[in-house]
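So that the names make sense, note that chain A is the first sequence line, chain B the second, and so on, each numbered from 1.
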2 protein chains.
Amino acid sequence: MPTQGPARRADAQRNQDAVLAAAAEVFATTGVNAPVRQIADRAGLGVGTLYRHFPTRTDLVLAVYRHQVEACADAGPALLRDLGSPAAALREWVDQFVRFLATKHGLADMLQSDAAGYHALHAYFLDRLVPVCADLLAAAAAAGEIRPAVEAYELMRGIGNLCIGGRDENYDPGRLITLLLDGLRPLAH
Amino acid sequence: MPTQGPARRADAQRNQDAVLAAAAEVFATTGVNAPVRQIADRAGLGVGTLYRHFPTRTDLVLAVYRHQVEACADAGPALLRDLGSPAAALREWVDQFVRFLATKHGLADMLQSDAAGYHALHAYFLDRLVPVCADLLAAAAAAGEIRPAVEAYELMRGIGNLCIGGRDENYDPGRLITLLLDGLRPLAH
DNA sequence: TGCTAAACGGAACAACGTTCCATATATTCG
DNA sequence: CGAATATATGGAACGTTGTTCCGTTTAGCA
């Protein structure tokens, strides 16, 4: 129940929703790095209002995509439970993440950007997803389906990096990530 | 013998060299995306002069790093000749490229940037290195050391992407690339 | 219907890439 | 050894962005 404090004004709530909707649209068309003014214009608001509700771009990006990240995090344990093999669960989970990331123009770039402002975004994604990935890796290793040859953190960053630049007829992140996971199989004797 | 045409002015040559030297220093410290003014200041020249000699950032980056890219391209056939196994040659060649790329702050980012201006840079690297990589892959595949599971173009882009963000105690592009190459080994029967 | 705190809008500033042309200077030629 | 001239230079100026700030507006309430 968020009924604490001196009740936020209705127009503020309305405008925040408008910014969120505008950002979602603009992110989808222009990309996650779209100019602030473009988002403000689309929402029919001034840039000051936008900054009031979302002080940093990270705040805005997170507000737009948080649900999908959470869904992805939740999918990990579910897949591990529902699919027979932990390795298959890992593969499906990674595929799901790649499908999410590769379609968000510029998001993968942002995630690894060394710009100070994006550190929080980077941290959120990793904090949320690395533990899930670690569980999947551990289960697959315990089942003898993969070698414990990589840390979840490193794997997640690698997957994120491979998604940068999207996908075209000559480059498909999914293929390379399959190869990466193939590299985790036990060595031939 | 470049003694054709109306002989370029001596100061022009001198200034071009100065820009090149300044750019090399600034790229190494600030990164490949350093502000144009910073490079011009370091060279003791105006920005106009810099733009005259290097109209685009791609021109400047290429002038600074061309030698190393060429050296990397030349190393491919040499390694294939000198090392016993094509797969070992591939691995060593890839390592060499990664060592080059991972130490150039921001260069890997630039290579995959979808900004229109960097297309030429992207193209130069790929045109120069993909054929070399393709030869190494073909040789290793012919020797039965790897499966023909990836195109040279895709592999090179993947390697470039994995180098983005450099290397720290928790993320080492080299480890992931090793894993990627492991994924090319023939499947256990 | 006023009052007041909350919220808004957009002008203003800083940092950057890029262009342009008045000025300065190598080089050449008489 | 001077002009003459093509070449080269410098940096002001413009457009685009992110970000801040404050005068003005307005929702909620008494």
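Considering only the side chain of B:Tyr51, C:dT19 comes nearest among C:dT19, C:dC8, C:dA26. When each of C:dA12, C:dT18, D:dT20 is scored by its nearest atom to the side-chain atoms of B:Val36, the top-ranked nucleotide is C:dT18. The B:Pro35 side chain lies nearest to C:dG17 when the options are D:dA8, C:dA7, C:dG17.
Salt-bridge annotation for A:Arg175 and A:Asp182: absent, with no side-chain N of the basic residue lying under 4.0 Å from a carboxylate O of the acidic one. Looking at B:Arg99 and B:Glu92, a side-chain N of the basic residue comes within less than 4.0 Å of a carboxylate O on the acidic one, giving a salt bridge.
At whole-Å resolution of the value, CD in B:Gln16 and P in D:dT7 are 16 Å apart. The distance from atom CD1 of B:Ile39 to atom C1' of D:dG10 is 17 Å, rounded to the nearest whole Å. Between A:Arg14 atom CZ and D:dT26 atom C1' there is a gap of 11 Å when expressed in whole angstrom units. When rounded to the nearest whole Å, the span between CD of B:Gln13 and C1' of C:dT27 equals 16 Å. Protein atom CZ of B:Arg52 is 15 Å distant from nucleotide atom C1' of C:dT18, rounded to whole Å. For A:Asp11 and C:dA5, the CG to C1' distance is 12 Å, given to the nearest whole Å. Residue A:Asp59 contributes atom CG, which lies 15 Å from atom C1' of D:dG18 at whole-angstrom precision. Atom CG in B:Leu45 sits roughly 21 Å away from atom P in C:dT23 (whole-Å rounding).
Close to C:dG17, at under 4.0 Å from its OP1 or OP2, lies a side-chain N or O of B:Arg57. For B:Asn15, a side-chain nitrogen or oxygen approaches OP1 or OP2 of D:dT9 to under 4.0 Å. Remark: B:Thr49 is not in phosphate contact with D:dA8, judged by side-chain N or O atoms under 4.0 Å from OP1 or OP2. Within the 4.0 Å cut-off from OP1 or OP2 of C:dC8, at least one side-chain nitrogen or oxygen of A:His53 is found. OP1 or OP2 of D:dA8 has not a single side-chain nitrogen or oxygen of B:Arg9 nearer than 4.0 Å.
Position along DNA chain C of the nearest nucleotide to B:Ala10 versus B:Asn33 favours B:Asn33 as the more 5'-ward residue.
Remark: side-chain polar atoms of A:Arg57 are paired, donor with acceptor, to backbone N or O of A:Val32 under 3.5 angstrom. With hydrogens and angles ignored, the 3.5 Å screen pairs no side-chain donor or acceptor of A:Thr58 with any backbone N or O of A:His119.
No more than 12 heavy atoms of other residues, nucleotides or ligands sit less than 6.0 Å from atom CD of A:Glu151.
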